[in-house]
Amino acid sequence: MILLDGKKVSEKILNDVKGRVLHQVKIPHLVVVLVGDDSASRVYVNNKKKAAEKVGIKSSVIEFSSDISEDTLLKKINELNNDSEVTGILVQLPLPNHIDKNKVVTAISPLKDVDGFHPENQGKLLIGMEPYFYPATPQGILMLLDEYSIPLECKNAVVIGRSNIVGKPMAQMLLKRNATVTMCHSYTQNLDEIIKTADVVISAVGKKIVRCKMVKKNSVVVDVGIYRDINGKLTGDVDFDIVSPSCGFISPVPGGVGPMTIASLMYNASKVYM
Ligand code: NAP
C-alpha cells in the first residue's frame, strides 16, 4: 500500500505556483470575504492567507459581522468585481442562514471565481468546455493522483457524496479523464457492493462510510471527509485500518486531500484574467 502524501505533493505544487507568480507581469491579488465569526471558517481563511503569502500572492481578508445584509454583501462583491487590482475573490462558506449562498456565488465574476463554484464555471465543466477555474478540491485530488501517475482512463471510479463543491465536479472531472463514474449519495443502496467494483473510490461525505474490508485489491482510495470524532480527533470517511491493507494507494486524514485543496486553490489564485 502506498500513502498518497498530500502534504509532500502540496509543497511541490506550491513551489511551482510560486515560480509561476514570480514570472507574471501582474501580481495576483486574492480577496477573501469572511462573514461572521465561525472559528473553523477563521482557521480556513488564515490558512489560505498564509498559503498565499508563501507563494507571493497578495491577499486581503474583508470581514463582516454575521448580521450583514445580503444586499450589502452583494454590493461589496460587485465592487470587488470592478476593482482591477483584485484578481481573485473567495467568499468563505458557510454563510449565515439569511444570506442566499447561491446568489452570492453567482454574484462573483466567473473570471475571479477562484473557488470555481460559479454556475458558468461549473456549467462549462459539465458541457466539456474549459472553465476559468476548476473547483479546488477535485482539482487538487487529480493533481495528487497525477503525481503518483495513477491512470484513470477506462477505470471504474466511485464518487461518494454529491455536493456542488466536491462530488459533482469530481465526477465530471473523472468523466473528462475517461473513467466510468458511479455517483453515490445518501439514497444509494448496497454501497459496499458498489465500492467493491471500484478501481478508484473518492469519498466526500463527512462520516465513517468506507468501512468495507472488500475494497478491490490494489484500488485507489481518496478520503475527502474531514471532521472531529467523539474524542475530538480529526478523522475522515475511510476506516483506514480496515481498508488500507487491500488498497494500492490511499490518502490519509489529515495530510491527504486537505493540503492539496489549499495548493490547488493557490494554483487557481495565481491565474489572472483581466
Ligand atoms: P456535503 O455537502 O456535506 O454533503 C455530504 C454528501 O454525502 C451528500 O451528497 C450526502 O448525500 C452524502 N451522504 C450522506 N450520508 C451518506 C451515506 N450514508 N451514504 C452515501 N452518501 C451519503 O459534502 P461536502 O461539502 O462535499 O463535504 C463532505 C466532507 O468532505 C466533509 O467532511 C467536509 O468537511 C469534507 N471536505 C473536505 C475538503 C478538504 O479539503 N479536505 C474540502 C471539502 C469538503 P445526499 O446528497 O443524498 O444528502
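All ligand and atom numbering here is 1-based and tracks the order in the structure.
- In this model, no donor atom of one side chain and acceptor atom of the other lie less than 3.5 Å apart for Thr261 and Ser264.
- A heavy-atom cutoff of 4.0 Å around ligand 1 is satisfied by the protein residues Thr137, Ile160, Gly161, Arg162, Ser163, Ile165, Val166, His185, Ser186, Tyr187, Ala204, Val205, Gly206, Lys207, Ile209, Val224, Gly225, Ile226, Val257, Gly258, Thr261.
- Taking Lys8 as the reference, Asp5 meet the side-chain contact (heavy atoms from CB on, under 4.5 Å) condition, with sequence neighbours excluded.
- For the residue pair Gln122 / Lys168, no side-chain donor-acceptor distance below 3.5 Å is found, with atom types taken as modelled.
- The closest side-chain donor-acceptor pair between Asp237 and Ser203 falls under 3.5 angstrom.
- Looking only at atom types and distance, the side chain of Tyr134 has no donor-acceptor partner in the side chain of Lys124 under 3.5 Å away.
- Checked by atom type, the side-chain pair Asp67/Ser65 shows a donor-acceptor distance below 3.5 Å.
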